[in-house]
Amino acid sequence: MSQEIWINLPVKDVKRSTAFFNEIGFHAVSVGNERAKLAIGQTTILLFPDAAFEKFTGSKTADTSHSAEVIFSIGAESREEVDAFIQKVEFAGGSIFGKPSEIDGWMYGAGFADLDGHRWNLLYMDESRMPPS
């Protein structure tokens with residue numbers, strides 16, 4: 001069995017979402033006329049119009065203005081990377097729901113929502129400051 005995973009994500013406007021993800025530093029490319037492929041490290045996220053997503057899932061998409069369906073967490077190399085990335089998100093039109101801050105003395109992160117309200121988290125973990133287990 002293949003161990004690859006593709007995440008399918010509904011979006012209102014595939015072209016606009018593709019542009020947003022490219023502007024914040026991800027690599028997104030159009031695939032055919034109505035979808036895009038977003039690559040983040042070894043993870044592939046496919047962007048589909050809401051109607052296409054609903055057709056193959058057999059259910060309505062989540063209303064992200066009232067609830068969260070998932071949060072995508074991405075590792076960062078430094079605090080500075082978190083800060084710079086969140087600034088890119090703001091400039092590209094995303095919304096910040098968690099300003100960059102320290103967590104438990106050894107993590108530093110921030111949270112944002114993309115143009116469709118899907119939630120993302122960027123996190124830097126300083127393992128040298130991690131409490132012993």
Side-chain angles (χ1 to χ4, degrees):
M1 173 187 267
S2 175
Q3 296 301 306
E4 292 183 66
I5 295 176
W6 298 283
I7 299 167
N8 299 305
L9 196 61
V11 297
K12 304 276 184 254
D13 183 327
V14 173
K15 288 182 182 179
R16 188 167 169 245
S17 292
T18 301
F20 169 80
F21 286 115
N22 280 317
E23 192 170 336
I24 67 172
F26 294 155
H27 179 69
V29 295
S30 294
V31 178
N33 294 330
E34 293 192 11
R35 61 183 167 271
K37 178 181 176 183
L38 173 61
I40 305 170
Q42 299 297 314
T43 303
T44 299
I45 299 176
L46 301 173
L47 307 177
F48 286 94
D50 286 341
F53 185 85
E54 289 174 354
K55 184 176 179 180
F56 62 73
T57 62
S59 64
K60 297 295 255 174
T61 59
D63 180 353
T64 57
S65 66
H66 298 290
S67 60
E69 78 279 41
V70 68
I71 187 165
F72 298 99
S73 295
I74 303 167
E77 296 292 322
S78 67
R79 289 172 165 254
E80 294 77 19
E81 182 181 0
V82 171
D83 293 340
F85 190 87
I86 291 301
Q87 189 173 39
K88 286 182 194 177
V89 169
E90 286 182 303
F91 289 146
S95 60
I96 309 307
F97 65 81
K99 297 276 185 197
S101 62
E102 189 170 285
I103 306 150
D104 296 334
W106 63 281
M107 294 181 284
Y108 185 79
F112 71 95
D114 64 26
L115 302 179
D116 290 281
H118 304 296
R119 296 189 175 256
W120 300 78
N121 176 24
L122 192 65
L123 186 64
Y124 165 66
M125 294 181 273
D126 184 349
E127 294 181 15
S128 71
R129 295 176 61 194
M130 181 189 251
S133 46

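All of these numbers come straight from a predicted model, not from anything done at the bench.
- Going from atom CG of Asp126 over to atom OH of Tyr108 covers 13.0 Å, rounded to the nearest 0.5 Å.
- The minimum heavy-atom distance linking Ile86 with Ala110 is given by the pair CG1-CB, 3.4 Å.
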Item to check | Pair Val70-His118, side chain to side chain contact (heavy atoms under 4.5 Å, CB included): steps then yes or no | outcome: CA-CA 7 Å; Val70 68; His118 304 296; 5.8 Å; no
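- Within the structure, every pair that satisfies the ring-ring contact (aromatic ring centres under 6.0 Å, His included) test and touches residues 75-94, not counting sequence neighbours, is listed here: Phe26-Phe85, Phe85-Phe112.
- Atom CZ of residue Arg35 and atom OG of residue Ser30 lie 11.0 Å apart, to the nearest 0.5 angstrom.
- Here the straight-line distance linking atom OG of Ser67 with atom CZ of Arg119 works out to 9.5 Å at 0.5 Å rounding.
- Closest heavy-atom contact between Asp63 and His66: OD2-CD2, 2.9 Å.
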Checklist entry - Passes side chain to side chain contact (heavy atoms under 4.5 Å, CB included), Met125 versus Trp106? Steps please. => result CA-CA 6 Å; Met125 294 181 273; Trp106 63 281; 3.8 Å; yes
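- In terms of heavy atoms, Leu122 sits closest to Val82 at CD2-CA, 3.6 Å.
- To the nearest 0.5 angstrom, Leu9 atom CG is 6.5 Å from Ile45 atom CD1.
- For the salt bridge (charged side-chain N to carboxylate O under 4.0 Å, His left out) condition, the pairs that include at least one residue of residues 67-91, sequence neighbours left out, are Arg79-Glu102, Glu90-Lys99.
- Note that the CG atom of Leu47 and the CD1 atom of Ile7 stand 11.0 Å from one another [nearest 0.5 Å].
- Side-chain heavy atoms closer than 4.5 Å link hydrophobic residues (I, L, V, M, F, W, Y) into clusters, and following such links, possibly through other members, connects Tyr124 to Ile74.
- The shortest non-hydrogen separation linking Val89 to Ile24 is CA-CG2, 3.7 Å.
- Residues Ile71 and Ile96 fall into different hydrophobic clusters, defined by Ile, Leu, Val, Met, Phe, Trp and Tyr side chains chained together at heavy-atom separations under 4.5 Å.
- The two residues Ala36 and Thr18 come nearest to each other via the heavy atoms CB-OG1, 3.2 Å.
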Next on the checklist: Working note: Phe20 + Val11, criterion side chain to side chain contact (heavy atoms under 4.5 Å, CB included); need CA distance, chi angles, decisive distance, verdict.
Outcome noted: CA-CA 12 Å; Phe20 169 80; Val11 297; over 6 Å; no
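- Under the side-chain hydrogen bond (donor to acceptor under 3.5 Å, both in side chains) rule, Lys12 has a single partner from Asp116, Thr61, Asp50, which is Asp50.
- Distance check: Leu38 CG to Ile40 CD1 gives 4.5 Å after rounding to the nearest 0.5 Å.
- Paired with Leu46 under the rule side-chain contact (heavy atoms from CB on, under 4.5 Å), one option of Val31, Val14, Asn8 passes, and it is Asn8.
- Atom CZ of Arg129 is surrounded by more than 12 heavy atoms from other residues, nucleotides or ligands within 6.0 Å.
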